[in-house]
Amino acid sequence: MEHQLTVYNTLNRRKELFVHLHAPHVGMYVCGPTVYGDPHLGHARPSITFDLLFRYLKHLGYKVRYVRNITDVGHLEHDADEGEDKIAKKARLEQLEPMEVAQYYINRYHKAMDALNVLPPSIEPHASGHIIEQEELVKKIIDNGYAYLSEGSVYFDVAKYNKDHRYGKLSGRNLDDVLNTTRELDGQEEKRNPADFALWKRAQPEHIMRWPSPWSDGFPGWHCECTAMGKKYLGAHFDIHGGGMDLVFPHHD
């Protein structure tokens, strides 16, 4: 009997038969850790889940390219657009270079994954190593009319996007719910809409992690990292995008 794989599709809230795009290849992208602290059960759960999937797909005879990123820049304290970069904050508190903090916790994460017998991914791209790709992605979103520049930062225009495509169809939220539950965040006065999120943030003078861009010296927003790296290594359409339920809104949206 031919082996089959059934997966849960968040988009339609159903289990369905896995059908690959380009046999015998399978592309799988999984959101990896933000490396500012020790790995915990929340990191272990998706690592083990997708390790099982990785192994089983290979067992079925697929050639799997498994991409799991390292977030080492751009993830602000409150998962939106306020507060300090998590790694920069840790670096400031411990008087270290941000990349020193990131490397220390990357090493700790890898040791924890080894202890859990989790296989390493095929590619483990770092967000800080793909700033150019993220800038190109932001340029494309601006050209497509779904982002705008404000005070040196670039924001995704949620309302504009929602007119042409249904924003939130993955998380199941409608835009009214998003607008009513968005807290007052730092930098809101720069936004057309409180639900808009940063694709590029202008760095304050004291911000250590910064790169030149067409808009300002700054850093990428958390949400465009995975998009840019997924597209680079797996193309515009790939088979599986994985991550925790906590990432569905707003990260996967």
Side-chain angles (χ1 to χ4, degrees), residues 9-12 21 27 29 31 67 69 71 73-76 78-82 85 125 127-204 207 210-239 241 243 247-253:
N9 185 347
T10 310
L11 194 58
N12 59 24
L21 290 170
Y29 190 97
C31 296
V67 182
N69 71 297
T71 298
V73 66
H75 196 163
L76 302 185
H78 303 290
D79 291 356
D81 299 328
E82 70 171 320
D85 182 289
S128 63
H130 296 77
I131 301 294
I132 291 168
E133 288 84 353
Q134 291 171 75
E135 289 186 10
E136 290 301 317
L137 174 70
V138 174
K139 282 182 203 166
K140 196 169 180 183
I141 296 170
I142 293 171
D143 290 346
N144 287 341
Y146 296 125
Y148 58 90
L149 180 63
S150 176
E151 311 282 332
S153 294
V154 180
Y155 293 98
F156 189 83
D157 194 333
V158 168
K160 179 97 182 290
Y161 182 85
N162 194 55
K163 279 182 187 163
D164 302 331
H165 313 276
R166 202 181 125 223
Y167 177 77
K169 66 181 177 180
L170 191 66
S171 64
R173 299 188 183 206
N174 68 47
L175 191 55
D176 294 334
D177 291 343
V178 173
L179 291 175
N180 293 334
T181 55
T182 305
R183 295 163 301 158
E184 282 304 313
L185 300 174
D186 175 39
Q188 288 288 47
E189 66 282 351
E190 296 180 358
K191 300 180 183 185
R192 291 179 185 169
N193 185 314
D196 296 348
F197 53 87
L199 298 171
W200 184 268
K201 282 285 277 183
R202 179 174 57 85
Q204 297 304 320
H207 203 284
R210 60 200 301 144
W211 289 265
S213 82
W215 315 290
S216 62
D217 271 14
F219 53 94
W222 179 41
H223 305 305
C224 65
E225 297 177 351
C226 288
T227 308
M229 293 186 284
K231 277 169 69 79
K232 181 179 173 80
Y233 296 110
L234 298 172
H237 299 279
F238 50 88
D239 301 278
H241 191 302
L247 296 180
V248 176
F249 177 84
H251 190 54
H252 291 167
D253 269 343

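Positions are given from 1 along the sequence.
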Chemist: Between S216 (side chain) and G152 (backbone), is there a donor-acceptor pair under 3.5 Å?
Modeler: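 The answer is yes, because a donor-acceptor pair under 3.5 Å joins these two groups.
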Chemist: In the structure I gave you, are the side-chain heavy atoms of F156 and K191 within less than 4.5 Å of one another anywhere?
Modeler: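 Of all side-chain heavy-atom pairs linking K191 with F156, none is under 4.5 Å.
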Chemist: How long is the straight-line distance from CH2 of W222 back to CG of L199, given to the nearest 0.5 Å?
Modeler: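 Going from CG on L199 over to CH2 on W222, the span is 14.0 Å.
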Chemist: I need the minimum non-hydrogen distance between C31 and L247, along with the two atoms involved.
Modeler: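 Residues C31 and L247, closest heavy atoms: CB-CD1, 3.6 Å.
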Chemist: Of all the heavy-atom pairs spanning S171 and D253, show the shortest one and how long it is.
Modeler: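 In this case the closest contact between S171 and D253 is OG-OD2, 2.6 Å.
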Chemist: Compare every heavy atom of D196 with every heavy atom of A159, then report the nearest pair and how far apart it is.
Modeler: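 Heavy atoms of A159 and D196 come nearest at N-OD1, 4.4 Å.
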Chemist: Give the C-alpha distance, both sets of side-chain angles, the deciding distance and a yes or no for side-chain contact (heavy atoms from CB on, under 4.5 Å) between N9 and N12.
Modeler: CA-CA 6 Å; N9 185 347; N12 59 24; 3.3 Å; yes
Chemist: Can you label the angle between the F197 ring and the H223 ring as parallel, tilted or perpendicular, going by 30° and 60°?
Modeler: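 Perpendicular.
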Chemist: Can you give each donor-acceptor pair under 3.5 Å made by side-chain atoms of residues 228-239, sequence neighbours left out, with the distance rounded to 0.1 Å?
Modeler:
| unit_1 | atom_1 | unit_2 | atom_2 | d |
| --- | --- | --- | --- | --- |
| K232 | NZ | E133 | OE2 | 3.0 |
| Y233 | OH | H130 | NE2 | 2.6 |
| D239 | OD1 | L21 | N | 2.8 |
| D239 | OD2 | G27 | N | 2.9 |

Chemist: How far does CD of Q134 sit from NZ of K139, to the nearest 0.5 angstrom?
Modeler: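 Answer for the CD-NZ pair, Q134 versus K139, is 13.0 Å.
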Chemist: For the pair D85 (side chain) and V73 (backbone), establish whether a donor and an acceptor sit closer than 3.5 Å, ignoring hydrogens and angles.
Modeler: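 No, D85 side chain to V73 backbone: no donor-acceptor pair under 3.5 Å.
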Chemist: Who pairs with E135 by salt bridge (Lys or Arg N to Asp or Glu O under 4.0 Å), at least two apart in sequence or on another chain?
Modeler: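 Once residues adjacent in sequence are excluded, E135 has no partner under the salt bridge (Lys or Arg N to Asp or Glu O under 4.0 Å) criterion.
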Chemist: Show the nearest heavy-atom pair for residues D217 and P212, with the distance to one decimal.
Modeler: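 Heavy-atom minimum between the residues: OD1-CA, 3.4 Å.
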Chemist: If I take atom OH from residue Y146 and atom OH from residue Y161, how far apart are they, to the nearest 0.5 angstrom?
Modeler: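 If we round to the nearest 0.5 Å, Y146:OH and Y161:OH are 7.0 Å apart.
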Chemist: Can you tell me how far the OG1 atom of T10 sits from the CG atom of L170, to the nearest 0.5 Å?
Modeler: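 Spacing of OG1 (T10) from CG (L170) equals 5.5 Å.
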Chemist: Go through the structure and list residues passing side-chain contact (heavy atoms from CB on, under 4.5 Å) with S150, not counting sequence neighbours.
Modeler: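 Here the qualifying residues are Y148, Y155, E190.
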Chemist: Using atom types as modelled and distance alone, determine if a side-chain donor or acceptor of N174 lies under 3.5 Å from a backbone N or O of D176.
Modeler: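 Yes, the answer is positive, given that a donor and an acceptor are paired below the 3.5 Å cut-off.
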Chemist: Can you see which heavy atom on I142 is nearest to which on A147, and at what distance?
Modeler: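 Minimum heavy-atom separation between I142 and A147: CG1-CB, 3.9 Å.
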Chemist: Sorted by first residue and then second, give each salt bridge (Lys or Arg N to Asp or Glu O under 4.0 Å) pair with at least one member in residues 146-169; sequence neighbours left out.
Modeler: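 Found D157-R192.
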Chemist: Just by distance, do the side chain of S153 and the backbone of R202 share a donor-acceptor pair under 3.5 Å?
Modeler: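 Answer holds: yes.
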Chemist: With W215, which residues qualify under ring pair (Phe, Tyr, Trp, His ring centres under 6.0 Å), at least two apart?
Modeler: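 W215: ring pair (Phe, Tyr, Trp, His ring centres under 6.0 Å) contacts with W200.
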Chemist: As an exercise, state the distance from CZ of F219 to OG of S213, rounded to the nearest 0.5 Å.
Modeler: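 Result: 11.0 Å between the selected atoms.
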Chemist: Considering non-hydrogen atoms only, spot the tightest contact between C226 and N69 and give its length.
Modeler: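 That closest heavy-atom pairing would be SG-OD1, 3.9 Å.
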Chemist: Taking ring pair (Phe, Tyr, Trp, His ring centres under 6.0 Å) as the test, write out the residues that go with H241, two or more places apart.
Modeler: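 Scan of H241 (ring pair (Phe, Tyr, Trp, His ring centres under 6.0 Å), adjacent residues dropped) gives Y29, H252.
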